[in-house]
K.L.:
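So that we are looking at the same thing, I have put the structure below in structure tokens.
Along the sequence shown, residues carry numbers from 1.
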Amino acid sequence: MKHLFVLDPIKNINPEKDSSAALMQAAQRASIEVWTCTPSALQAHGDKAWVVTNPVIPEPWIDIDKPQSKPLTDFHCIWMRKDPPVDEAFLYATHLLEVAEREGVVILNKPASLRAWNEKLGALRYSKLMAPTLVASRVVELTDFAREQGEVVVKPLGGKGGQGVIRVAKNAPGLEALIELMTDQERLPVMMQCFLPDVVEGDKRILLVDGEPLGAINRRPKLGDFRSNLALGGQAEATKLSIREQEICEELAPDLKSQGLFFVGIDVIGGMLSEINVTSPTGIREVERLMTIPLADQVMERLLDRFERMSS
């Protein structure tokens, strides 16, 4: 069996922290051939999708062989693990991957769902599980919402890792000017949510595989910040799912499975759903280290079971 991982450049990956590295190493342990490429290596020759790809041995990190040109149908599974932003290059890559998908190649996560499930807006499908939320670009509506809620968090829709997320009170000087800046003079919508004070106790990252939560960590903000993202200095700690968090997972599971979202990371603050991360969810290494769960191997086991069911 061969798996292709579509990634950012390998040289940018830190194997001690990176979930893609964990998945590639688990694939090797499962006797799966591992190949890698960047999105720019995807091609279409007429109605056939191809790729210029390198075979790799990911453990120990990393032995990279010479690139080869191969049809995507040579691979049993393709992991689309390119980090955001979901820009034009990302979107075109999903279209090229769909060429292979039409010929029976399994793409994780499903290309159409990668386009449809913006990591902020996708959660709006479950707005009843979220803090009060407004997505808009007009200053007047956003200002009114902020004043109604008292204190809010404002998120750019294309951001990642907490970048560009701000917290602001209703009486903050220059509130309108700040919103003008974030919306690029009312050109771009942003997400505004009621600030949840429980974030000081942590933001829980829950990793779901084929709709089932297999691992979670709690991420506490560093001193002086409200953002708990690990990339911004948040501290990961061991955790267990509350009944409320289990209920959130159960509510999402049918849609995630039906939409081909096999590996997903959701964020929950104080029992409220915050985001649904589908592009390149992180957290595997932290779960394995803090919870002593062989999560990457479990992901591969679930996937191989799925292939076995498909072939029977």
K.L.:
Any link between Leu114 and Leu96 through a network of hydrophobic side chains (Ile, Leu, Val, Met, Phe, Trp, Tyr) touching at under 4.5 Å?
P.N.:
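Yes, one cluster joins them.
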K.L.:
Is there a donor in the side chain of Thr279 and an acceptor in the side chain of Lys82, or the other way round, less than 3.5 Å apart?
P.N.:
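No, no side-chain donor-acceptor contact under 3.5 Å.
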K.L.:
Can you check whether Met1's main-chain N or O pairs, donor with acceptor, with His76's side chain at less than 3.5 Å?
P.N.:
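The answer is no, because no donor-acceptor pair under 3.5 Å joins these two groups.
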K.L.:
Surrounding OH of Tyr92 (heavy atoms of other residues, nucleotides or ligands, distance under 6.0 Å), is the total greater than 12?
P.N.:
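Count not over threshold, so no.
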K.L.:
Judged by modelled atom types alone, do Ser280 and Asp83 share a side-chain donor-acceptor pair under 3.5 Å?
P.N.:
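Result is yes, a qualifying pair exists.
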K.L.:
Looking at every heavy atom in both Ala136 and Thr183, which two are closest together, and how far apart are they?
P.N.:
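Heavy-atom minimum between the residues: O-CG2, 4.4 Å.
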K.L.:
In this structure, would Ile13 and Ile284 fall into the same cluster of hydrophobic residues linked by side-chain contacts under 4.5 Å?
P.N.:
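Per the 4.5 Å side-chain linkage, Ile13 and Ile284 are co-clustered.
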K.L.:
Is it the case that Thr133 and Gln193 place a side-chain donor and acceptor less than 3.5 Å from each other?
P.N.:
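There is such a pair between these side chains.
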K.L.:
Any chain of hydrophobic side-chain contacts (each under 4.5 Å) joining Val154 to Leu273?
P.N.:
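Different clusters: Val154 never reaches Leu273 through Ile, Leu, Val, Met, Phe, Trp or Tyr contacts under 4.5 Å.
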K.L.:
For a quick test of reading the model, state the closest non-hydrogen atom pair linking Gly164 to Pro156 and the distance between them.
P.N.:
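Result for this residue pair: O-CD, 3.4 Å.
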K.L.:
Return the minimal non-hydrogen interatomic distance between Val278 and Glu119, and the atom names on each side.
P.N.:
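That closest heavy-atom pairing would be N-OE2, 2.9 Å.
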K.L.:
Shared ILVMFWY cluster between Leu23 and Leu4, side chains joined below 4.5 angstrom?
P.N.:
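No, it is not one cluster - the side chains of Leu23 and Leu4 are not joined through contacts under 4.5 Å.
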K.L.:
Is it true that atom NZ of Lys170 has more than 12 heavy atoms of other residues, nucleotides or ligands lying nearer than 6.0 Å?
P.N.:
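Not buried by this count: 12 neighbours or fewer within 6.0 Å.
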K.L.:
Under 4.5 Å between any side-chain heavy atoms of Phe90 and Pro85, yes or no?
P.N.:
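No, too far: nothing below the 4.5 Å cut-off.
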K.L.:
Taking the six-membered ring of Phe195, is the NZ or CZ of Arg167 close enough (under 6.0 Å from the centre) and on axis enough (within 45°)?
P.N.:
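Judged by the rule (NZ or CZ under 6.0 Å from the ring centre, within 45° of its axis), Arg167 counts as positioned above Phe195.
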K.L.:
Do you know which two heavy atoms are closest between Ala236 and Glu286, and how far apart they sit?
P.N.:
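Reported closest heavy-atom pair: CB-CG, 4.1 Å.
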K.L.:
Can you check whether Cys249 reaches Leu208 side chain to side chain, under 4.5 Å on heavy atoms?
P.N.:
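In short, these two side chains touch, coming nearer than 4.5 Å.
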K.L.:
Establish, from distance only, whether the side-chain atoms of Glu33 and Trp35 form a donor-acceptor pair under 3.5 Å.
P.N.:
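Side chains of Glu33 and Trp35: pair found under 3.5 Å.
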K.L.:
Check whether Asn118 reaches the backbone of Leu121 with its side chain - one donor and one acceptor, N or O, closer than 3.5 Å.
P.N.:
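At least one qualifying donor-acceptor pair exists.
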K.L.:
In terms of ring plane angle, is the pair Phe263 and Trp79 parallel, tilted or perpendicular, where the classes change at 30° and 60°?
P.N.:
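If you compare the ring of Phe263 with that of Trp79, the planes turn out perpendicular.
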K.L.:
Would a single hydrophobic cluster contain both Ile64 and Met24, if residues Ile, Leu, Val, Met, Phe, Trp and Tyr are joined by side-chain heavy-atom contacts under 4.5 Å?
P.N.:
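Hydrophobic grouping puts Met24 with Ile64.
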K.L.:
Would Asp305 and Met300 count as a side-chain contact (heavy atoms from CB on, under 4.5 Å) here? Give the steps.
P.N.:
CA-CA 8 Å; Asp305 286 345; Met300 287 299 156; over 6 Å; no
K.L.:
Are side-chain N/O atoms of Asp203 and Asn218 paired as donor and acceptor at under 3.5 Å?
P.N.:
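The criterion, which ignores hydrogens and geometry beyond distance, is not satisfied for Asn218 and Asp203.
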K.L.:
Is the number of heavy atoms from other residues, nucleotides or ligands under 6.0 Å of Lys17 NZ greater than 12?
P.N.:
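Open: at most 12 neighbouring heavy atoms sit under 6.0 Å from NZ of Lys17.
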K.L.:
Could you point out which residue of Lys120, Lys155, Arg205 forms a side chain to side chain donor-acceptor pair (under 3.5 Å) with Ser274?
P.N.:
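Of the listed options, the one satisfying the test is Lys155.
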K.L.:
Should Arg220 and Glu237 count as side-chain neighbours, where that means a heavy-atom distance under 4.5 Å?
P.N.:
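In contact.
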K.L.:
Is the shortest side-chain heavy-atom distance between Arg29 and Gln25 below 4.5 Å?
P.N.:
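A side-chain contact exists here, since the closest heavy-atom pair is under 4.5 Å.
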K.L.:
Between Ala93 and Pro39, what is the shortest heavy-atom contact and its length?
P.N.:
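Scanning both residues completely, I find the closest heavy atoms to be CB-CB, 4.0 Å.
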K.L.:
I need the minimum non-hydrogen distance between Val287 and Ala216, along with the two atoms involved.
P.N.:
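Minimum heavy-atom contact is CG2-N, 3.8 Å.
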K.L.:
Between the side chain of Gln28 and the main-chain N/O of Ile57, is any donor-acceptor distance below 3.5 Å?
P.N.:
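Here the side-chain-to-backbone pair does not exist.
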K.L.:
Please check if atom CZ in Arg244 has more than 12 non-hydrogen atoms from other residues, nucleotides or ligands closer than 6.0 Å.
P.N.:
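Check passes, neighbour count above 12.
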